[in-house]
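Read the structure below first, then the notes.
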Amino acid sequence: MPPKEMDVVLLNLPLRIGAYVPDDLLEDWFAPGTGMKPPSDKALAAAEAYGRRFECEFKHYPERMEGVFWKWVPAI
């Protein structure tokens with residue numbers, strides 16, 4: 001699991017600001033031992049579920065070898 005500090009980051013993340021996590025940490029935090037080139041489907045699904053706990057979206061960018069958590073902007 002991610003460190004508790006990441007919980008605080010996502011809880012307090014402002015709208016339209018991202019928290020970027022490299023592939024090696026995604027694998028370590030969400031599915032240790034499943035591989036990081038690319039991260040396993042298990043790691044990516046767990047990261048997405050983790051983000052939802054804090055009302056964050058999650059997307060993985062394989063070309064950048066990182067995932068991004070952000071708070072979506074509600075329609076105005």
Side-chain angles (χ1 to χ4, degrees):
M1 285 304 295
K4 293 295 179 192
E5 293 85 356
M6 192 64 180
D7 294 359
V8 174
V9 168
L10 294 187
L11 185 64
N12 294 296
L13 196 64
L15 295 178
R16 301 176 56 209
I17 302 296
Y20 298 77
V21 181
D23 282 357
D24 61 321
L25 290 180
L26 288 174
E27 191 265 335
D28 285 348
W29 289 355
F30 298 109
T34 62
M36 71 168 212
K37 289 194 177 190
S40 68
D41 291 340
K42 181 178 178 182
L44 297 178
E48 186 175 343
Y50 172 74
R52 282 194 306 265
R53 288 179 36 207
F54 301 95
E55 299 179 345
C56 288
E57 301 284 333
F58 172 80
K59 182 170 181 177
H60 181 250
Y61 293 91
E63 68 280 2
R64 296 185 343 213
M65 296 177 60
E66 67 186 4
V68 181
F69 295 94
W70 75 94
K71 296 233 173 149
W72 60 277
V73 179
I76 298 175

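Judged by distance alone, the side chain of Y50 and the main-chain N or O of D7 form a donor-acceptor pair under 3.5 Å. Of the possible polar contacts, one joining the K71 side chain to the L11 backbone as a donor-acceptor pair under 3.5 Å is found.
Each of V8 and W29 belongs to its own hydrophobic cluster when Ile, Leu, Val, Met, Phe, Trp and Tyr are linked at side-chain heavy-atom distances under 4.5 angstrom. F54 and I17 end up in the same hydrophobic cluster when Ile, Leu, Val, Met, Phe, Trp and Tyr side chains are linked at under 4.5 Å.
More than 12 non-hydrogen atoms from other residues, nucleotides or ligands lie less than 6.0 angstrom from CG of N12. Surrounding CZ of R53 are more than 12 heavy atoms belonging to other residues, nucleotides or ligands, all under 6.0 Å away. Counting non-hydrogen atoms of neighbouring residues, nucleotides and ligands closer than 6.0 angstrom, the CD atom of E55 reaches no more than 12 such neighbours.
Rounded to the nearest 0.5 Å, atoms CD (E27) and CG (L44) are 11.0 Å apart. Expressed to the nearest 0.5 Å, how far NZ of K59 lies from CD of E48 amounts to 11.5 Å. Atom-to-atom distance recorded for M6:CE and L13:CG is 8.0 Å, nearest 0.5 angstrom.
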Quick one: side chains of residues 62-70, donor-acceptor pairs under 3.5 Å with protein atoms, not counting sequence neighbours, listed by atom name and distance.
residue, atom, partner, partner atom, Å
R64, NE, E66, OE2, 2.8
R64, NH2, E66, OE2, 3.0

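By the 4.5 Å heavy-atom criterion applied to side chains, L26 and F58 are counted as neighbours.
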